[in-house]
Each structure stands twice: as structure tokens, then as C-alpha cells.
Protein chains: 2
Amino acid sequence: MNLKQLSETLGLSQTTVSRALNGYPEVAEITRQRVEAAAQVHGYSPNTRAKGLATGRAMSIGHVIPISTKHEMVNPVFADFIAGAGEHYSRSGYEMHLSVVSDADEARSYRQLAAKRNVDGVIIHSPRIHDPRLSLLREIGLPFLVHGRDSGATAPYSWLDVNNRRAFGRATAFLLDLGHRRIALINGLEYMDFAVRRRDGYLRALTERNVRPDPALMQSDEMTEPNGHDAARRMLDSPDPPTAFVVSSIISAMGVRRAIQERGLRMGADVSIIAHDDELGYFRNADEAGIPIFTATRSSVRQAGRQAAEMLLSIIERPDLAPMSRLFEAELTLGRSTGPRREGG
Amino acid sequence: MNLKQLSETLGLSQTTVSRALNGYPEVAEITRQRVEAAAQVHGYSPNTRAKGLATGRAMSIGHVIPISTKHEMVNPVFADFIAGAGEHYSRSGYEMHLSVVSDADEARSYRQLAAKRNVDGVIIHSPRIHDPRLSLLREIGLPFLVHGRDSGATAPYSWLDVNNRRAFGRATAFLLDLGHRRIALINGLEYMDFAVRRRDGYLRALTERNVRPDPALMQSDEMTEPNGHDAARRMLDSPDPPTAFVVSSIISAMGVRRAIQERGLRMGADVSIIAHDDELGYFRNADEAGIPIFTATRSSVRQAGRQAAEMLLSIIERPDLAPMSRLFEAELTLGRSTGPRREGG
DNA sequence: CGGGAAAAACAAAGCGCTTTGGAAACTGTG
DNA sequence: CACAGTTTCCAAAGCGCTTTGTTTTTCCCG
């Protein structure tokens with residue numbers, strides 16, 4: 001059923017039916033209700049392509065998911081972020097367009113998205129430092145919002161981020177307060193902006209307390225369980241092992257915990273861990289009693305997705321607005337994985 | 001730049017340019033090259049909405065991601081499946097349309113997808129038994145492919161699945177061969193078809209060896225790390241604990257491992273685990289030496305995504321074809337998590 | 001009851017593409 | 001050189017919607 005057929009059924013013109021459905025004031029309330037009822041009955045929804053062609057709006061947001069060519073891996077937080085964003089899109093009548101591309105094709109992918117008029121805007125994930133996507137999108141004039149920040153950017157842009165520096169500073173300070181001095185950092189890849197900020201926070205907290213950072217205790221890699229395990233294993237087996245870990249992800253933290261337990265050490269009692277918790281659905285950081293397994297800097301990536309969607313849509317609706325940004329603080333939640341440094345530890 | 005402008009630049013009609021770009025034989029090779037070069041230079045790509053309107057094809061595939069209202073959780077294998085499917089879509093000139101909906105809105109979501117002509121087909125994830133989506137889609141005439149199967153379906157349909165019954169039968173038999181008799185099953189939610197099949201395989205293997213299944217050793221829940229831990233903890237603390245576990249996911253298996261280690265037991269030596277491994281990017285089941293951490297029934301969900309996309313596209317291109325299906329076998333890979341039953345275990 | 005303003009409905013153009021049916025420009029041949 | 005047969009290109013219609021500009025209908029009041 002299309003608009004023409006529906007209007008014939010109703011004995012009205014296409015114009016009137018269209019206006020009725022789109023809530024224009026020029027049509028009598030009684031007519032509108034008649035039209036809406038008929039649309040309901042016949043299961044009519046306007047053809048997206050036709051509507052988009054007529055309005056010039058795609059009513060669709062693009063997410064370009066790069067595949068790390070190195071490990072062919074999808075960033076696990078995408079799923080939750082996208083779930084959050086998707087919720088808001090549906091509520092607002094937008095759709096979600098996904099492109100999965102190898103990082104080599106990323107630029108081309110964005111250009112096509114714009115040229116084909118597939119989307120009204122895009123969300124940029126995991127920005128790097130001096131991320132070329134920002135200038136590219138500015139050049140092609142596609143509205144965008146960055147999830148994260150780009151410390152190297154020269155022009156203003158809209159973003160949404162968690163205060164990574166503060167979070168990791170607090171986590172490190174907390175461990176220092178517990179008496180730890182050998183504190184390791186298991187970080188994400190440090191060409192990512194968030195990873196640099198986290199390291200900054202970590203380093204600042206150490207130096208503020210006159211603890212000299214040790215490169216041997218700093219690791220930067222993809223945040224997988226095996227990588228976390230591997231790094232922790234190496235550090236724990238070294239002559240002067242860490243007594244605490246600050247870890248950029250719950251997933252790597254599970255690897256760290258494994259390394260700890262393999263060595264007969266007890267997490268919390270012998271070795272402490274603070275992890276960053278994105279509140280991924282399948283890794284709820286809580287035991288049966290509801291107590292966090294890991295002491296964590298917590299910030300829901302799902303919630304970030306929702307807010308990012310909301311911000312991007314308002315940017316699209318009012319392009320004249322100045323770039324907007326939102327920074328939220330991560331919560332430091334006490335769990336079972338931290339404790340005072342043991343004598344001799 | 002649109003078609004009209006491009007054709008004016010070239011001094012050709014829109015018809016000719018369109019045909020040239022779409023590879024029709026009616027246009028001279030020399031002209032085609034000229035047109036293609038110009039398109040390249042001006043960065044021309046046809047407007048998707050206009051093209052879709054004219055052809056009646058959306059060139060887009062829908063994935064409806066249901067959010068479990070119970071736990072607000074996104075199935076973690078989606079990300080990898082979608083990555084695989086997305087790869088194939090881009091290669092074939094298709095796009096990917098994602099809808100995130102609470103399971104209550106699922107039916108409406110599919111109807112809208114069809115009515116708005118947003119997509120040419122959809123992939124159904126995680127089918128249940130007597131899944132209402134199959135008949136719904138048949139009713140509205142939207143081509144679809146099921147990732148998994150629906151044992152309760154009455155009419156034929158196209159699907160792609162891993163041989164869950166066989167995989168879990170083999171895993172269980174393998175443990176029996178190692179001398180285990182108390183074998184637990186940590187399964188996914190058993191209204192999902194795959195979970196039922198896995199239980200079937202498990203039960204069949206037990207009864208074939210005259211081992212009586214024990215309901216206390218069978219758990220069915222969402223496959224999260226805490227759930228795996230919780231179930232394993234309860235079972236291990238029971239008077240007659242299991243000496244081995246068959247687990248439906250690497251993620252829950254990590255919880256099982258945690259419970260084992262907490263009790264001072266050694267995985268492999270004291271308690272065995274076989275897990276199903278979807279080969280998720282961030283949980284590569286391998287240690288530094290490349291040896292699997294968990295003995296596993298392995299089947300790449302990413303690869304499944306690729307193949308599912310391929311199958312669905314061919315169904316769309318030739319709707320007259322009979323329903324097609326593909327069943328692959330999971331590989332049983334030996335890792336460090338299994339060993340013979342210990343005396344007294 | 002007539003006239004003008006407000007309300008309600010409409011016809012048609014246009015969004016950017018594909019595609020049908022046809023015209024023009026080349027071929028080669030008798 | 002004329003003619004049929006190819007090649008090569010084109011004008012225009014149509015996809016299903018929105019929206020502009022207009023017409024028709026209704027309403028109110030002097």
C-alpha cells in the first residue's frame with residue numbers, strides 16, 4: 001500500500017493524506033484521525049527512499065566500524081555503544097546504518113556515505129591523536145560527533161567523553177593511598193586518544209607522590225584477555241614485580257587476574273587491581289551478592305551511546321549551533337580486588 | 001554533484017551516463033571510460049534514495065537486534081557475526097541496516113522494515129523454538145535467512161547453523177573417555193534453539209554410556225561471566241561435585257574457571273572444562289604459545305556471518321530458488337583445560 | 001442573505017535516479 | 001550511392017513521496 005492507494009481509499013488527495021500523517025495544521029482534526037486510522041488498518045508506512053528523496057533527509061545515522069587489520073578484531077565496546085545509540089535513534093524516527101570496513105578503506109567509506117547521501121551524520125569511534133577523520137568530515141561537510149576526543153585537533157568539534165585522565169588519576173592515587181608503590185598500567189593502544197589520557201592520569205598521580213614511573217610496568221596493547229594475562233605474567237615474574245595493576249578494561253583485567261591466580265597469589269589480598277568498567281552487558285562487574293568483583297572506574301558505554309545519539313541528532317537539526325561537548329566523570333566503585341599493600345609485597 | 005550535472009559536464013544525456021556507470025552494453029567502451037573517469041574526478045556516486053526509488057531495490061539488509069528486557073543485554077556474539085556479514089555486504093554493494101529494539105517491539109519492527117521498504121531482506125538471530133518471526137516474515141513476504149534453526153518450524157526456510165548437537169555430544173563423549181562421570185552442563189537459555197540442541201547432544205552422549213544425567217548438574221542461563229561463576233560455584237560446593245564442565249560459551253567458561261581456581265583446584269588437572277568457542281576477536285582462545293586455553297568446540301561466528309550474508313544475497317537475487325541451508329561442524333580443539341579424572345575426584 | 005475571511009482540500013512540480021521506446025549516427029554491402 | 005542493420009545516444013515517463021501555489025468549501029457577521 002502506498003500513498004496514492006491510501007488516498008484513493010479515503011477519497012482524499014495525496015497532499016491531504018501526507019499532511020495529515022505528518023501533523024501539519026492545515027488539515028482538520030477529524031480528517032487527520034480518519035487518515036491515521038486508515039493508515040493503521042492498511043499497515044501503511046511511507047516508503048523511506050521516496051520520502052528521503054523528497055525531503056533531502058536520510059533520517060539515518062552512520063557508524064563506520066573499522067576492523068583492525070592487525071588482529072581482525074572488532075572493538076567489544078561497540079556493541080553496547082551501538083545498542084545505546086540505537087535506542088535513541090528509534091525513539092526519534094532515525095535509522096542506523098553500519099559500515100564494516102578495514103581501516104585502509106575508512107576514508108573512502110566516509111566519502112561514499114556522504115556522496116550517496118546515505119546518512120545525515122556519523123559518529124566517530126575511538127579517535128586517535130590527529131585523527132584524519134575529523135578534517136575529512138569537515139571537508140565533505142557531513143555532521144559528526146566524536147565519541148572520545150582528539151587532543152591533536154586544531155578546529156573545534158563536537159564530542160562526548162568520559163574524564164579518562166581524572167579516572168585513572170584517582171584510581172592510581174587510591175592504590176597509592178593503600179600503600180602500593182609498584183603500580184602497573186595495562187593500557188589500550190596508545191595511539192588512541194583515550195589511552196594517552198589514561199596514561200597521563202596515571203603518570204600524574206605517581207609523580208605527585210614522588211613515585212618514579214617504571215617503563216617496565218607500563219604496557220600498551222589491544223585490550224584482550226590473553227594480552228592482559230601475558231603482560232601481567234611477565235611483570236609478576238620479574239625481579240621487582242608490581243603489587244597493583246591499573247587496567248584499561250575489564251576484559252584485560254580478567255587476564256591479569258588469571259595471571260595472579262596462576263601464581264598462587266590472591267587478588268585483593270596479595271595483588272590489587274583497578275579496572276575500567278564500561279558496564280558491558282555480558283560482564284556485569286558484580287558477584288552473587290552484588291559486590292563488584294573488580295574495584296573499578298565505572299562509566300556506562302551504553303549510556304554514552306544514548307547521549308551521543310541525542311547530541312548528534314540535535315546537531316543535525318540545528319547545524320548553526322556551536323560545537324557542543326559533554327564530559328562525564330567515571331565513578332570509582334569499591335570491589336573485592338583492592339587491598340592494602342602487604343608487608344614484603 | 002548529481003547525474004544531471006555530471007551528464008551536462010560530459011555533454012551526454014543522463015541515460016547514457018547512467019548506462020555507462022551501470023555497465024550496460026549499449027554504450028561504447030570509449031564513452032564508458034570517459035564517463036567513469038569524470039565520475040571519479042567529481043566524486044560522483046549515485047544518490048542511494050533516488051536509485052532505490054527507481055529500481056525498487058533497497059540494496060540493504062536488516063539486522064534486528066533484540067535487547068533482552070530482563071538484563072538489558074546485547075548478545076556478545078552479534079558484534080562478530082555482524083562484522084563478518086558486513087564484510088560481505090560491502091563487497092557486494094549492499095549496506096547494513098541495524099534496528100535495536102526491545103523484544104516487545106520486535107514484530108512491529110519487522111513489519112515497519114518491510115512497509116517502509118528499508119531492506120531487501122533480513123537475518124534472524126538466535127531463533128527460539130516455534131519462533132514467531134519465521135511465520136511473520138513469511139506472511140509479509142520479506143526474504144530472510146536464519147542464523148541457527150527453529151526445530152519447531154513447520155514450513156521450510158533457509159538457515160545456516162553449526163552442528164550443536166554433534167559438537168556437544170563429542171565434547172561430552174571426550175570427557176567420558178577421560179574417565180569423567182560427573183559432567184556438568186552450563187548452557188545458554190534453553191528457549192533458544194541452539195541451547196536445546198546442545199543439551200540434546202550432551203544428554204545423548206551420557207545415556208549412550210549409561211551415565212544417568214543429573215538435573216543438579218545442568219544449568220541454563222544467559223551466558224555471562226558471573227552466571228558461569230555462580231553456577232560452577234554452587235555445583236562445586238555441593239556434596240557430589242562435578243569433575244568436568246561442558247560450557248556453552250568461552251565467556252561463561254571464564255566464570256567457571258574462576259570458581260575452580262577460587263577453590264584451590266587446578267583447571268585441567270582437578271577439574272576439566274570444554275567450552276564452545278565462537279572465536280570472538282577479543283577472546284582468542286590461545287595462550288602465548290598459541291595453545292588453546294580451553295579445550296573447545298570451535299566455530300567462527302565471524303565466518304558464519306560472512307556465509308549467512310552470502311546466502312541471503314543469493315536468496316534475494318533469485319527468490320524462486322528452494323530454501324537453502326548450510327550446516328557446519330565445530331572443531332574439537334585440544335587445550336589446557338582437560339585431563340583425565342583424578343582418583344577420588 | 002450576501003460577501004469576505006478562514007479553513008480544508010487539491011493539482012502539479014520536483015527530488016535524482018532507471019528504463020522504455022525511439023531517433024540519429026555510423027557501418028558495410030550490392 | 002542508397003539501404004538495411006548496427007551502434008550509439010537521447011527524451012520522457014515513472015518510482016512514491018513532499019510541498020508550493022491555488023481552488024473550493026465553510027463559516028461568520030453585518
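All of these numbers come straight from a predicted model, not from anything done at the bench. Labels below follow one simple rule: chain letters A, B, ... track the order of the sequence lines, proteins then strands, and each chain is numbered from 1.
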Report task. Name the closest nucleotide to the N47(B) side chain, picking from dC9(D), dT18(D), dG16(C). Result -> dG16(C)
**Report entry** d(CE, M59(A); P, dG16(D)) in whole Å
**Finding:** 21 Å
Query raised in the report: Distance check: side-chain N/O of K51(B) vs OP1/OP2 of dG16(C), anything under 4.0 Å?
Result: no
Query raised in the report: Side chains of Y24(B) and R32(B): donor-acceptor distance under 3.5 Å anywhere?
Result: no
Query raised in the report: Hey, does the side chain of Y24(A) come within less than 4.0 Å of dT19(D)'s phosphate (OP1/OP2), counting only N and O?
Result: yes
Query - Under 4.0 angstrom between K4(B) side-chain N/O and dC17(C) OP1 or OP2 - result: no
Query raised in the report: Does the pair R306(A)/E87(A) count as a salt bridge with the N-to-O cut at 4.0 Å?
Result: yes
Query raised in the report: Within this structure, what is the CD-to-C1' distance between E26(B) and dG21(C), rounded to whole angstrom?
Result: 12 Å
Report summary line: Expected list for residues 33-46 of chain B near DNA chain C, using heavy atoms below 4.0 Å, is Y44(B), P46(B)
Query raised in the report: Cut-off 3.5 Å, side chains only: do T16(A) and S13(A) have a donor facing an acceptor?
Result: yes
Report summary line: The ring pair (Phe, Tyr, Trp, His ring centres under 6.0 Å) partners of F81(B) (sequence neighbours excluded) come to H125(B), H147(B)
Query - B/S/- contact track for nucleotides 10-15 of chain D, protein heavy atom under 4.0 Å - result: BBB-BB
